[in-house]
Amino acid sequence: MSDYRPQEIEQKWQARWAATRAFEVTEDRSKPKFYCLEMFAYPSGHAHVGHVRNYMIGDIMARTMRMRGYNVLHPFGWDAFGLPAENAAIQNRTHPETWTLDNIAHMKGQLQRLGISYAWERELATCLPDYYRWNQWLFTRLFQRDLAYRRRSTVNWCASCQTVLANEQVVDGGCWRCGTPVTERELEQWSLRITAYADELLSALDTLEGWPEKVLTMQRNWIGRSEGARVQFPIVPAGGGAPDAGEAIEVFTTRIDTIYGASFVVMAPEHPLVERFAAEAADGSALRAAAARFRAQDRSARMQGDVEKEGVDTGRSVINPFTEQPVPVWVGNFVLSGYGTGAVMGVPGHDQRDFEFARTYGLPIPIVVQPDGRMLTSETLDEAFDGDGSLAASGPYTGLRWDEANRQMTAAAEARGIGHGTVQYRLKDWGVSRQRYWGTPIPIIHCDRCGLVPVPDDQLPVLLPRVTDFTGRGDSPLAHIPEFVNVACPTCGGAARRETDTMDTFVDSSWYFLRFCDAHNDALPFDPAKVAYWGPVDFYSGGVEHAILHLIYSRFFTRVFRDLGFVTGGEPFTRLLTQGMVLRHGAVMSKSKGNVVDPDEMVGQYGADALRLYVMFVAPPEKEVEWTDSGLDGAFRFLGRVWRLADFLIPAVSAAPAVAGLSLDGDERALRHRTHVTIRRVTGDIDPRMHLNT
RNA sequence: GGGCGAGUGGCGGAAUUGGCAGACGCGCGGGUCUUAGGAGCCCGUGGGGAAACCCGUGUCGGUUCGACCCCGACCUCGCCCACCA
């Protein structure tokens, strides 16, 4: 009986897979296709067991489906642009490209020693021009369709990373990467109009039956659709008298039926009318100071509602268009400038925030919706009533159910030209400009005569120049390279300047799964026929931390490619598995915490199969796991037992009758039966059950 | 505050979804082989009991011939979102 020696076994087979290119595939129409994908890797330097776990999940699916006769595409690549490369380069006095490519080479070796069945010929790295030129190609299409546009706006700014962040990248008021509190900054930025697809991105979630409910819920909340109305409250001039035509504060409300109870209006401190009201006042300094103070309040606390509701009276009034009575205008720290119109009508009887605000400042609390079976009064109300009921003290609408009143009053506002029904999304357009070096140059030329001119296809890619000074200074390092910046306008030939910002790296990862279908196409981002064969991804696995960002951007980009005629259908991923993290000593593994488990060491000691078996066996794939060394010992011993058992059985099985079923005795029949029961069970545990730990 | 999910041995977890609770692994105990064993192999291992047997899936109720599984209430934990008008 021979011992189990994993290193010999694994090296032998890994060499054979490489020599025979065992996992390369073409569009073979005689077989059903299966596109199996794990989220590609950021080449940080070393694979850790968290990576191993994710790639094992995919490898099990890929190998199982191959054995079941599917034509399986299982590619891998590198999300290779991004800030860590730049920071590491500054620290180690190297270049981001050198650092990145070295890391890729090292990690690729690690993954190969794990025996994952990748089609390595399709490997891609987003930092290489043959990939990012298609980011640029796509960007020009977005620009031509008005889906990429420039916008001067208040942006989220990370002082540590010296760059702008998308809303999705602000976590608890801090930078998603480094946690530094995010501040606001006025910048001219490129944005992608993801909101044009908001309705579709939301409604199509209902079709994603292969996605975890948790992720669907998170995306629904993130898109945040609410139906309501915008209503104009005409502004009473500073000196009093009738409002001038067209002068109004517009508010957004989901409860226009409560408008008879709107006893004040509150604007966000960032609202443009704040400055105007201050300028028109005899002494606007107190108003200015208060608004400035609200703006400066800690952004994260303000966003999380941890700050006491505070406000200041502007001294001005607007006319409630339904009661036709004047109501005071306040500035409040709880009103968000980025949502709706940046101003709200205060209905303290039926909105808890307005209630608290009114209590604090002694504003009237009218009751205009009464619940069934009891009668609320302003005097006894101790919290806002926002339940079902019928309208009270609401002119001609009194007595109507609140939802019916909502419909009628929206229609009335439209008929009178003072408002309209609308759908408001929480989702905002995606700011993609980054003032950093290590990313895709935005392929736009600024010409004084022609305006914004996209770089023509035949001049793509706009190569990222090799600079050596990319210290963060608040503007793009590319802006300091005259050879890069100064360029002839493609339209008029005159002197013009290149855009010097680079793209958010989430652009890179929003379509790489399409590129894998045709990874080396140098005429198009991919051949639509190949994507028609392979797409959509049948099984996608990765960390739940991408439940919003990456997965919503990818759904957006897939629809853009659809509208460009390159893809049919809009959903990129049919089935999604979000795997849990691997912890050690209760914490995520990281170099700084010193709790990283190096897969190379484990492979050297126990072999890749024991490591693979252990990381799958220890818990269901969706769950977090706590790493234990003794569990890996157990997996190794288990494989040793399997080896010895097979070593003992194979001679006996080889001597058995060649024609199955003809002369099996009782034990043989029982064994055969057991074999097939096991095959059935194991198959079902992998697909569809995804119980990879059994 | 809202949403989603989970509570099963000393531990990680099974139970193919209403039909033998605790598969498999870790740990622990005993044995065997051995100069030695921290390798391998064998036996045991939810609790109580000498045994027959009894009790056991967070708590309390309900449905059912039958409940870890379904329903209601509560408790605890985890994750996500959160002043979104």
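Ring planes of Phe385(A) and His350(A): perpendicular class, angle over 60° (limits at 30 and 60°). Ring planes of Tyr540(A) and Phe573(A): parallel class, angle under 30° (limits at 30 and 60°). Between Tyr553(A) and Phe506(A), the ring planes lie perpendicular to each other; the angle is over 60°, past the 30° to 60° tilted range. Between Tyr397(A) and Tyr260(A), the ring-plane angle classifies as tilted under the 30° and 60° cut-offs.
Consecutive Watson-Crick or G-U pairing (both distances under 3.5 Å) extending over three or more pairs maps onto RNA chain B as B:1-7 with B:75-81, B:10-12 with B:24-26, B:27-32 with B:40-45, B:46-48 with B:53-55, B:58-62 with B:70-74.
The nucleotide whose nearest atom lies closest to any side-chain atom of Val618(A) is, among C24(B), G12(B), A85(B), G12(B). Taking every side-chain heavy atom of Trp222(A) into account, C81(B) is the closest of C81(B), A85(B), G13(B). Taking the side chain of Arg426(A) as heavy atoms from C-beta on, and the options C26(B), A82(B), A85(B), the nearest nucleotide is A82(B). Distance from the side chain of Thr217(A) is smallest for C4(B) among the nucleotides C4(B), C83(B), C26(B). Listed nucleotides G13(B), A85(B), G12(B) differ in distance to Phe617(A); the shortest reach to its side chain belongs to G12(B). Considering only side-chain atoms of Pro620(A), the nucleotide from G13(B), G25(B), G12(B) that sits closest is G13(B). Here the nucleotide nearest the side chain of Val335(A), chosen from C83(B), G25(B), A85(B), is A85(B). The side chain of Arg353(A) sits closest to C84(B) out of G3(B), C84(B), G40(B).
U59(B) shows a glycosidic angle more than 90° from 0 and is accordingly assigned anti. Base orientation at G40(B) is anti, since its O4'-C1' glycosidic dihedral falls outside 90° of 0.
Taking side-chain N and O atoms only, Arg644(A) has a distance below 4.0 Å to OP1 or OP2 of C41(B). Of the side-chain N and O atoms in Arg641(A), one or more sit less than 4.0 angstrom from OP1 or OP2 of G25(B). Residue Arg637(A) has a polar side-chain atom (N or O) positioned under 4.0 Å from OP1 or OP2 of C26(B). Within the 4.0 Å cut-off from OP1 or OP2 of A85(B), at least one side-chain nitrogen or oxygen of Tyr339(A) is found.
Nucleotides A51(B) and U45(B) are separated by 12 Å at their P atoms, to the nearest Å. For the P atom pair drawn from C81(B) and C70(B), the interatomic distance equals 28 Å after rounding to whole Å. Using C1' as the reference atom, G46(B) and G56(B) are 8 Å apart when rounded to the nearest Å. Rounded to a whole angstrom, the distance from the P atom of C68(B) to that of U63(B) is 16 Å. Rounded to whole Å, the separation between the P atoms of U8(B) and G58(B) comes to 6 Å. Comparing the P positions of C74(B) and A82(B) gives an interatomic distance of 27 Å, to the nearest angstrom. Rounded to whole Å, the C1' atom of A21(B) lies 7 Å from the corresponding atom of A15(B). Nucleotides U57(B) and G47(B) are separated by 15 Å at their P atoms, to the nearest Å.
Taking every heavy atom of residues 675-694 of chain A and every atom of RNA chain B, pairs under 4.0 Å involve Arg681(A), Arg689(A), His691(A), Asn693(A), Thr694(A), by number.
Place Ala619(A) and Gly631(A) on RNA chain B by their nearest nucleotides, and Ala619(A) ends up nearer the 5' end.
Note: CD1 (Ile223(A)) to C1' (C81(B)) measures 14 Å, nearest angstrom. Between Glu213(A) atom CD and G78(B) atom P there is a gap of 23 Å when expressed in whole angstrom units. Leu613(A) places its CG atom 14 Å from the P atom of C24(B), with the value rounded to the nearest Å. Counting to the nearest Å, the C1' atom of G13(B) and the CH2 atom of Trp627(A) are 17 Å from each other. The CG atom of Leu645(A) sits 11 Å away from the P atom of C41(B) (whole-angstrom rounding). Rounded to an integer number of Å, the gap from Asp351(A) CG to A85(B) C1' is 6 Å. As rounded to whole Å, 13 Å separates atom P of A82(B) from atom CG of Leu427(A). In this structure, CZ of Phe638(A) is placed 14 Å from P of G40(B), rounded to the nearest angstrom.
Remark: the Arg555(A) side chain and the Gln219(A) side chain contain an N/O donor-acceptor pair separated by less than 3.5 Å.
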Working for side chain to side chain contact (heavy atoms under 4.5 Å, CB included), residues Phe539(A) and Ile57(A)
CA-CA 10 Å; Phe539(A) 179 85; Ile57(A) 291 167; 3.8 Å; yes
What do the steps show when you test Val49(A) against Asp598(A) for side chain to side chain contact (heavy atoms under 4.5 Å, CB included), and what is the final call?
CA-CA 7 Å; Val49(A) 292; Asp598(A) 178 12; over 6 Å; no
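Looking at Ser390(A), its side chain never comes within 3.5 Å of a backbone N or O of Gln370(A) through a donor-acceptor pair. Within the 3.5 Å criterion, the main-chain N or O of Ala204(A) finds a donor-acceptor partner in the side chain of Thr207(A).
With contacts defined as side-chain heavy-atom distances shorter than 4.5 Å, the pair Lys309(A)/Val266(A) does not qualify.
Within the model, atoms OG1 of Thr683(A) and CZ of Arg68(A) stand 6.0 Å from one another, a figure rounded to the nearest 0.5 Å.
When heavy atoms are screened at a 4.0 angstrom cut-off, Ser226(A) is found touching the sugar-phosphate backbone but no base atom.
Checked for salt-bridge contact, Arg637(A) and Asp633(A) miss the test: no charged N lies under 4.0 Å from a carboxylate O.
For C79(B), the base has no donor-acceptor partner in the side chain of Lys214(A) [N/O atoms by modelled type, under 3.5 angstrom].
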